**Q** 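This is the structure I have questions about; it appears just below.
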Amino acid sequence: MGIVSQEAIKHFQALMDQVMAVDEPLKRTFQNVHQGYLLETFGRFLKAREWNVSKAHKMLVDCLNWRVQNEIDNILGKPIVPTELYRSVRDSQLIGLSGYSREGLPVFAIGVGLSTFDKASVHYYVQSHIQINEYRDRIILPSASRKYGKPITTCVKVLDMTGLKLSALSQIKLLTIISTIDDLNYPEKTNTYYIVNAPYIFSACWKVVKPLLQERTRKKVQVLSGCGRDELLKIMDYGSLPHFCKREGSGSSRHSQNGAENCFSLDHHFHQQLYNYIKQQSLIKEPVHPMKQGSFHVDVPEPAAEGTQIAKTIESEFNKYGNGNGLSDSLDDLKINGD
């Protein structure tokens with residue numbers, strides 16, 4: 001860390017100390033954000049604002065106010081019930097923890113192409129996404145830090161594009177909501193994004209979206225050849241590979257693996273641990289009352305101009321390939337090589 005970075009963090013910390021001294025609710029929720037790793041937390045918000053202390057300070061204070069106003073500290077005590085509904089969410093919002101890199105970073109797998117987001121309301125998908133974020137930050141990352149004897153505050157993500165089609169246009173609004181929540185309230189939590197099983201339509205969109213991204217984001221994205229197995233084995237053991245990377249052509253089918261192997265499934269040990277933890281927390285907070293049905297509503301901040309532009313560009317590119325060029329969803333079967 002350079003001298004400029006150290007000075008920025010000291011200045012940032014001094015500003016936050018003033019806030020913490022007079023605002024107890026913000027102080028309490030900040031503890032759930034930093035988990036004892038203050039310098040790393042300040043560094044993340046500074047990176048997200050190009051090391052501008054004033055902008056990073058505003059971003060963090062806005063984040064803490066959002067957490068207090070939406071009771072984010074309590075979201076891990078709000079299970080999605082009944083279990084059948086939660087299983088439907090898991091079957092249509094494909095994400096899971098497949099293991100850890102050799103450096104100790106959690107490996108999250110995301111089935112971008114086959115996530116349909118059509119089994120529940122938007123609020124349930126947003127709730128589930130935030131719960132996974134909070135479980136990652138409050139349970140998974142602190143546990144990994146203790147195990148590896150060093151601060152581990154970020155993860156890696158493997159994005160499976162199998163099944164990506166023009167119909168994904170209908171999901172752009174929801175994905176923009178989720179992306180906005182992450183950008184503003186969970187910045188710089190992903191070390192690297194690995195794109196695998198990418199069809200032609202992804203290649204076409206990536207070429208026009210890539211220039212719109214900030215340089216630090218572009219550097220995080222690696223498009224791998226095929227299922228990416230060989231490249232991913234350089235940073236993780238075979239057992240930590242997402243199920244869709246363990247053999248060529250396996251894809252991320254929801255039905256090709258049993259629940260114990262498919263990290264997207266509610267039957268996978270990660271989701272079993274997560275869901276049981278949330279149910280246990282709900283009983284601790286409300287031991288007398290039965291678990292309430294209904295989603296946990298969260299205020300969604302307005303997306304940044306960059307995010308809005310990217311969403312419009314993706315929509316335009318999808319429409320171009322669906323109409324102007326006469327291409328169809330059959331392009332889904334075409335794969336590209338990594339950059």
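What you see below is based on every heavy atom in this structure, not just the backbone, and it leaves out hydrogens, waters and symmetry mates. Please read all numbers here as calculations on a predicted model, not as lab measurements.
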**Q** Does Ser92 form a side-chain hydrogen bond (donor to acceptor under 3.5 Å, both in side chains) with Tyr125? I'd like the steps, not just the answer.
**A** CA-CA 9 Å; Ser92 53; Tyr125 290 115; 2.6 Å; yes

**Q** Is Ile132 close to Phe108 at the side-chain level, that is, under 4.5 Å between some pair of heavy atoms?
**A**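 A side-chain contact exists here, since the closest heavy-atom pair is under 4.5 Å.
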
**Q** Are the side chains of Glu40 and Thr154 in contact, using a 4.5 Å heavy-atom criterion?
**A** no

**Q** With sequence neighbours left out, write down each residue that passes side chain to side chain donor-acceptor pair (under 3.5 Å) with Asn276, or none if nothing qualifies.
**A** none

**Q** In the structure I gave you, are the side-chain heavy atoms of Val196 and Leu159 within less than 4.5 Å of one another anywhere?
**A** no

**Q** Do Leu39 and Tyr37 belong to the same hydrophobic cluster, where Ile, Leu, Val, Met, Phe, Trp and Tyr are linked whenever their side-chain heavy atoms lie under 4.5 Å apart, directly or via other members?
**A**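 No, it is not one cluster - the side chains of Leu39 and Tyr37 are not joined through contacts under 4.5 Å.
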
**Q** Step through the shown structure and confirm whether more than 12 heavy atoms of other residues, nucleotides or ligands are within 6.0 Å of CD on Glu24.
**A** yes

**Q** For the residue pair Tyr277 / Gln272, report whether a side-chain donor-acceptor contact shorter than 3.5 Å exists.
**A**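 There is no such pair (donor and acceptor under 3.5 Å, judged by atom type) between the side chains of Gln272 and Tyr277.
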
**Q** Check step by step if side chain to side chain contact (heavy atoms under 4.5 Å, CB included) holds for Trp66 and Ile181.
**A** CA-CA 10 Å; Trp66 173 80; Ile181 288 173; 4.0 Å; yes

**Q** Please check if atom NZ in Lys119 has more than 12 non-hydrogen atoms from other residues, nucleotides or ligands closer than 6.0 Å.
**A** no

**Q** With side-chain hydrogen bond (donor to acceptor under 3.5 Å, both in side chains) as the test, pick out the partner of Arg67 among Asp62, Asn32, Asp73.
**A**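 Of all the options given, the one that passes is Asp73.
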
**Q** Do Gln18 and Val22 come within less than 4.5 Å of each other through their side chains, counting heavy atoms only?
**A** no

**Q** Check whether any side-chain heavy atom of Asp23 lies under 4.5 Å from a side-chain heavy atom of Lys27, and answer yes or no.
**A**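 The answer is no; the side chains never approach within 4.5 Å.
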
**Q** Take atom NZ of Lys150 as the centre, draw a 6.0 Å sphere, and report whether it contains more than 12 heavy atoms from other residues, nucleotides or ligands.
**A**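 Above 12, so yes.
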
**Q** Output the distance between atom CG (Asn197) and atom CG (Asp160), rounded to the nearest 0.5 Å.
**A** 4.5 Å

**Q** Sub-3.5 Å donor-acceptor pair from the side chain of Thr29 to the main-chain atoms of Leu64, do we have one?
**A**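 A pair under 3.5 Å: no.
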
**Q** List the residues meeting salt bridge (Lys or Arg N to Asp or Glu O under 4.0 Å) with Glu103, not counting sequence neighbours, and say none if there are none.
**A** none

**Q** Apply side chain to side chain contact (heavy atoms under 4.5 Å, CB included) to residues Leu141 and Gln35 and explain how you reach the verdict.
**A** CA-CA 9 Å; Leu141 291 172; Gln35 292 293 318; over 6 Å; no

**Q** Output yes when a side-chain donor or acceptor of Ser282 lies under 3.5 Å from a complementary backbone atom of Lys279, and no otherwise.
**A** yes

**Q** Does the side chain of Asn52 pick up a donor-acceptor pair with the side chain of Ser54 at under 3.5 Å?
**A** no

**Q** Give me the atom names and distance for the closest heavy-atom approach of Ala198 to Met161.
**A**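 Here Ala198 and Met161 meet closest at CA-CB, 3.8 Å.
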
**Q** Students often mix this up, so state it plainly: with edges at 30° and 60°, are the rings of Phe202 and Trp206 parallel, tilted or perpendicular?
**A**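 It falls in the parallel class, under 30°.
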
**Q** Report yes or no: is the cationic atom of Lys157 (NZ for Lys, CZ for Arg) under 6.0 Å from the centre of the six-membered ring of Tyr194, at an angle within 45° of the ring normal?
**A** no

**Q** With Arg87, which residues qualify under salt bridge (Lys or Arg N to Asp or Glu O under 4.0 Å), at least two apart?
**A**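 Expected list: Asp267.
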
**Q** Please determine whether side chain to side chain contact (heavy atoms under 4.5 Å, CB included) holds for the pair Val33 and Asp137, giving the CA-CA distance in whole Å, both sets of side-chain angles, and the decisive distance to 0.1 Å.
**A** CA-CA 7 Å; Val33 172; Asp137 293 351; over 6 Å; no

**Q** Could you check whether His271 and Phe264 have their ring centres less than 6.0 Å apart?
**A**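 Distance test on ring centres: not under 6.0 Å, no.
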
**Q** How long is the gap from CG on Leu232 to CE on Met236, to the nearest 0.5 Å?
**A**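 These two atoms lie 4.5 Å from each other.
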
**Q** Could you tell me whether the side chain of Ser98 and the main chain of Ser240 form a donor-acceptor pair under 3.5 Å?
**A** yes

**Q** Which heavy atom of His268 sits nearest to which heavy atom of Asn262, and what is that distance?
**A** CB-O, 3.4 Å

**Q** Under 3.5 Å, side chain of Ser88 to main-chain N/O of Glu84, donor-acceptor pair present?
**A**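 Yes, the answer is positive, given that a donor and an acceptor are paired below the 3.5 Å cut-off.
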
**Q** Quick one: does Asp182's side chain get under 4.5 Å of Ile178's, heavy atoms only?
**A** yes

**Q** Identify the heavy atoms of Leu184 and Cys63 that sit nearest to each other, and give their distance.
**A**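 For Leu184 and Cys63, the tightest heavy-atom pair comes out as O-CB, 3.9 Å.
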
**Q** Rounded at 0.5 Å granularity, tell me how far OG1 in Thr116 sits from CG in Leu94.
**A**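 CG of Leu94 is found 7.5 Å from OG1 of Thr116.
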
**Q** Where do Ile140 and Phe270 come nearest, in terms of heavy atoms and distance?
**A**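 It is CD1-CE1, 4.3 Å.
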
**Q** Which value, rounded to the nearest 0.5 Å, describes the distance between Ile177 atom CD1 and Leu174 atom CG?
**A**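 If I round to the nearest 0.5 Å, the distance is 6.0 Å.
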
**Q** Could you pull out the closest heavy-atom pair between Ile152 and Leu105, with the gap in Å?
**A**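 Shortest heavy-atom separation between Ile152 and Leu105 comes out as CG2-CA, 4.2 Å.
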
**Q** Do any N or O atoms from the side chain of Arg229 and from the backbone of Cys245 form a donor-acceptor pair under 3.5 angstrom?
**A**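 Answer holds: no.
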
**Q** Go through it in stages, so that I can follow the logic: the residues are Glu215 and Glu50, the test is side chain to side chain contact (heavy atoms under 4.5 Å, CB included), and I'd like the CA-CA distance, side-chain angles, deciding distance and then a yes or no.
**A** CA-CA 11 Å; Glu215 183 180 3; Glu50 306 298 333; over 6 Å; no

**Q** Not counting sequence neighbours, list each pair that qualifies as a ring-ring contact (aromatic ring centres under 6.0 Å, His included) and has a residue in residues 6-26.
**A** Phe12-Phe42

**Q** Which atom pair, heavy atoms only, marks the closest approach of Trp51 to Ala8?
**A** CE3-CB, 4.0 Å

**Q** Report yes if some heavy atom in the side chain of Gln280 is under 4.5 Å from a heavy atom in the side chain of Leu283; otherwise report no.
**A** no

**Q** Just checking, any donor-acceptor pair under 3.5 angstrom between side chains of Ser128 and Gln93?
**A**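 Looking only at side-chain atoms, Gln93 and Ser128 do form a donor-acceptor pair, the distance falling under 3.5 Å.
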
**Q** Hey, what do you get for CD1 (Ile9) to CE (Met16), rounding to the nearest 0.5 Å?
**A** 13.5 Å

**Q** Find out whether Val298 and Gln127 are in side-chain contact, i.e. whether some heavy atom of one side chain is under 4.5 Å from a heavy atom of the other.
**A**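 Contact flag for Val298/Gln127 side chains = no.
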
**Q** Is there a donor-acceptor contact under 3.5 Å linking the side chains of Tyr193 and Thr217?
**A** no

**Q** Going by the rule salt bridge (Lys or Arg N to Asp or Glu O under 4.0 Å), which residues pair with Asp237 if we only count those two or more places apart in sequence or in a different chain?
**A**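 With sequence neighbours excluded, Asp237 shows a salt bridge (Lys or Arg N to Asp or Glu O under 4.0 Å) to Arg102, given in chain and number order.
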
**Q** Is there a salt bridge (Lys or Arg N to Asp or Glu O under 4.0 Å) between Glu188 and Arg49 once you walk through the steps?
**A** CA-CA 10 Å; Glu188 300 296 318; Arg49 289 298 177 261; over 6 Å; no

**Q** For Tyr86, give me all partners under ring pair (Phe, Tyr, Trp, His ring centres under 6.0 Å), at least two apart in sequence or on another chain.
**A** Tyr275

**Q** Any chance you could measure Lys189, atom NZ, to Cys155, atom SG, to the nearest 0.5 Å?
**A** 8.0 Å

